[in-house]
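Just below is one structure, and these are the notes that go with it.
Computed from a prediction, not measured in an experiment: that's the story for all the values here.
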Amino acid sequence: ESPPPKAKGSCLGKLMTFVVFLGLAGLGAALYFVAQPQDLSDIDGRGPAAVGKSSRNLKEVLKNSSDGAYPLKLSEEEINLYLRDTLAFKQAGFLGEWVDIEDVAVRLEEDRAEVVIVRSVAGYPLTLSMYIRIEQIEQPDGRITTRIFRNGGPYQEWLPKPGIGGRFGQLPVPEGFLLTVMPSFQQLAGVYREVPESGKRGKPVKEVDFIEDMARISIADGKLLLDPRPNTREMLMPGG
């Protein structure tokens, strides 16, 4: 007797099952890394090493630099100590009963900063972060054009877009994913930025206002470098 004919589409069904399995496995792996908080032990100005250390009044320091027109260098430790001493952590919304904001920290790397929010969900820590890059281009007339990007650059050199927006737990995510958590970072920035009702920027008042008003802003490993001095011909061409 001849064997019964194979059911049509059986190979396609197996292939679809395999694809679905891979998708579910990838989703499970992604959720696992999202649930794992990132390691913050490398950030200066937080944790047990920061106990007993007092912070400088960075608002006053920034104001003096702006008024006196002299450059300023802020360390990662100084920024995080100031956040610890000035930011009141409170989770708003209907999750406030179960979700607490435990900490906010800033990691300064070469050419980018990572703002990390640490939440506690039913006693379990979760981290959420966003990268920030600042690009400044000097025009022929000496003016400096500043652009702020909400990403930490490309994932790889061969993959320029989308940029890496931040990390959900230990999982790096594209910048488009930040739309889902942007309100949290906007509320955080609102504590240190003056938002006039008219929508027009006026004289610097708060910390972020002073930073954004600087002529030169650069981020290095563990340092934020600020210079309020506008370009002059002497600065552009030393010696005349």
Side-chain angles (χ1 to χ4, degrees), residues 40 43-47 49-51 53-92 101-119 127-136 144-152 165-166 178 181-230:
L40 305 178
I43 299 180
D44 296 333
R46 64 174 309 279
V51 175
K53 293 185 178 180
S54 58
S55 63
R56 299 170 67 190
N57 186 341
L58 294 192
K59 182 178 179 180
E60 192 67 23
V61 170
L62 289 164
K63 183 179 184 302
N64 291 339
S65 172
S66 179
D67 293 344
Y70 60 83
L72 177 66
K73 179 176 69 175
L74 299 179
S75 68
E76 184 178 273
E77 180 182 51
E78 289 176 314
I79 293 173
N80 287 310
L81 288 175
Y82 187 73
L83 288 173
R84 180 201 65 185
D85 294 343
T86 60
L87 188 61
F89 304 124
K90 183 174 178 60
Q91 173 71 37
I101 296 180
E102 298 288 346
D103 196 6
V104 174
V106 175
R107 178 186 283 113
L108 298 178
E109 301 174 331
E110 198 65 34
D111 297 327
R112 71 181 186 182
E114 184 179 12
V115 182
V116 186
I117 297 176
V118 184
R119 287 190 173 100
T127 58
L128 176 69
S129 74
M130 177 179 70
Y131 285 112
I132 297 175
R133 285 189 304 118
I134 298 176
E135 181 181 278
Q136 292 191 310
I144 296 178
T145 302
T146 302
R147 298 179 64 190
I148 299 177
F149 298 90
R150 294 193 182 104
N151 66 62
L178 294 178
V181 296
M182 190 56 64
S184 297
F185 290 99
Q186 290 174 337
Q187 292 174 6
L188 175 62
V191 177
Y192 300 103
R193 174 188 281 134
E194 185 72 16
V195 182
E197 295 181 1
S198 62
K200 297 181 180 179
R201 291 187 60 184
K203 187 177 180 181
V205 177
K206 293 187 176 182
E207 294 85 347
V208 175
D209 301 329
F210 284 110
I211 292 176
E212 293 180 340
D213 200 52
M214 295 288 177
R216 294 178 184 80
I217 307 171
S218 61
I219 303 172
D221 187 15
K223 297 183 289 291
L224 177 63
L225 308 174
L226 307 169
D227 194 340
R229 299 172 297 178

Minimum-distance pair of heavy atoms, taken over all atoms of Val205 and Phe210: O-CE1, 3.5 Å
Which distance, rounded to the nearest 0.5 Å, do you find between the CG of Asp227 and the OG of Ser218? 9.0 Å
Would you mind checking if Lys59 and Glu207 are paired as a salt bridge, meaning a charged N to carboxylate O distance below 4.0 Å? no
Is there a donor-acceptor pair closer than 3.5 Å between any side-chain N or O of Asp209 and the backbone N or O of Lys206? yes
Start with the C-alpha distance between Leu62 and Ile211, add both sets of side-chain angles, then the distance that settles side-chain contact (heavy atoms from CB on, under 4.5 Å), and finish with yes or no. CA-CA 7 Å; Leu62 289 164; Ile211 292 176; 4.1 Å; yes
With side chains defined as the heavy atoms from C-beta onward, is the minimum distance between Glu114 and Met130 less than 4.5 Å? no
Which heavy atom of Ala113 sits nearest to which heavy atom of Val106, and what is that distance? CB-CG1, 4.4 Å
How many angstroms lie between CZ in Arg229 and OG in Ser66, if you round to the nearest 0.5 Å? 13.0 Å
Out of curiosity, Leu128 CG to Leu178 CG, how far, rounded to the nearest 0.5 Å? 8.0 Å
Atom CD in Glu78, atom OG in Ser55: separation rounded to 0.5 Å? 9.5 Å
Are any of the side-chain heavy atoms of Ile132 and Phe149 separated by less than 4.5 Å? no
For Leu58 and Leu74: C-alpha separation, side-chain torsions, deciding distance, then whether side-chain contact (heavy atoms from CB on, under 4.5 Å) applies. CA-CA 9 Å; Leu58 294 192; Leu74 299 179; 4.0 Å; yes
Give me the atom names and distance for the closest heavy-atom approach of Ala220 to Glu110. CA-OE1, 3.9 Å
Side chains of Ile217 and Gln136 in contact at under 4.5 Å (non-hydrogen atoms): yes
Atom CG of Leu188 and atom CD1 of Ile117: how far apart are they, to the nearest 0.5 Å? 5.5 Å
Would you say NZ of Lys63 has more than 12 non-hydrogen atoms from neighbouring residues, nucleotides or ligands within 6.0 angstrom? no
Tightest non-hydrogen contact, residues Gly152 and Tyr131, listed as N-CB, 3.3 Å
Short N-O contact, Arg133 and Asp111, less than 4.0 angstrom: no
Any chance you could measure Glu194, atom CD, to Lys203, atom NZ, to the nearest 0.5 Å? 13.0 Å
Do you see a donor-acceptor pair shorter than 3.5 Å between the side chains of Ser184 and Arg119? yes
Val191/Thr86 under side-chain contact (heavy atoms from CB on, under 4.5 Å): CA gap, chis, key distance, verdict: CA-CA 9 Å; Val191 177; Thr86 60; over 6 Å; no
For residues Asn57 and Tyr82, determine if any side-chain heavy atom of one lies less than 4.5 Å from a side-chain heavy atom of the other. yes
Side-chain ion pair, Glu77 and Arg46, N-O less than 4.0 Å: no
Smallest heavy-atom separation, Pro228 atom then Ser65 atom, equals CG-O, 3.3 Å
Qualifying residues under side-chain hydrogen bond (donor to acceptor under 3.5 Å, both in side chains), relative to Lys223, sequence neighbours excluded: none
Check Ile43, Asp221, Asn80, Ile79 against Leu108 for a side-chain contact (heavy atoms from CB on, under 4.5 Å) and give me the one that passes. Ile79
Using side-chain hydrogen bond (donor to acceptor under 3.5 Å, both in side chains) as the criterion, list what pairs up with Thr145, not counting sequence neighbours. Gln139
Please lay out, stage by stage, how Val61 and Leu72 fare under the test side-chain contact (heavy atoms from CB on, under 4.5 Å). CA-CA 9 Å; Val61 170; Leu72 177 66; 3.6 Å; yes
Does the distance from a Lys or Arg side-chain N to an Asp or Glu carboxylate O, for Arg112 and Glu109, drop under 4.0 Å? yes
Identify whether the distance between the nearest side-chain nitrogen and carboxylate oxygen of Arg193 and Glu212 falls below 4.0 Å. yes
By side-chain hydrogen bond (donor to acceptor under 3.5 Å, both in side chains), which residues pair with Asp44, not counting sequence neighbours? none
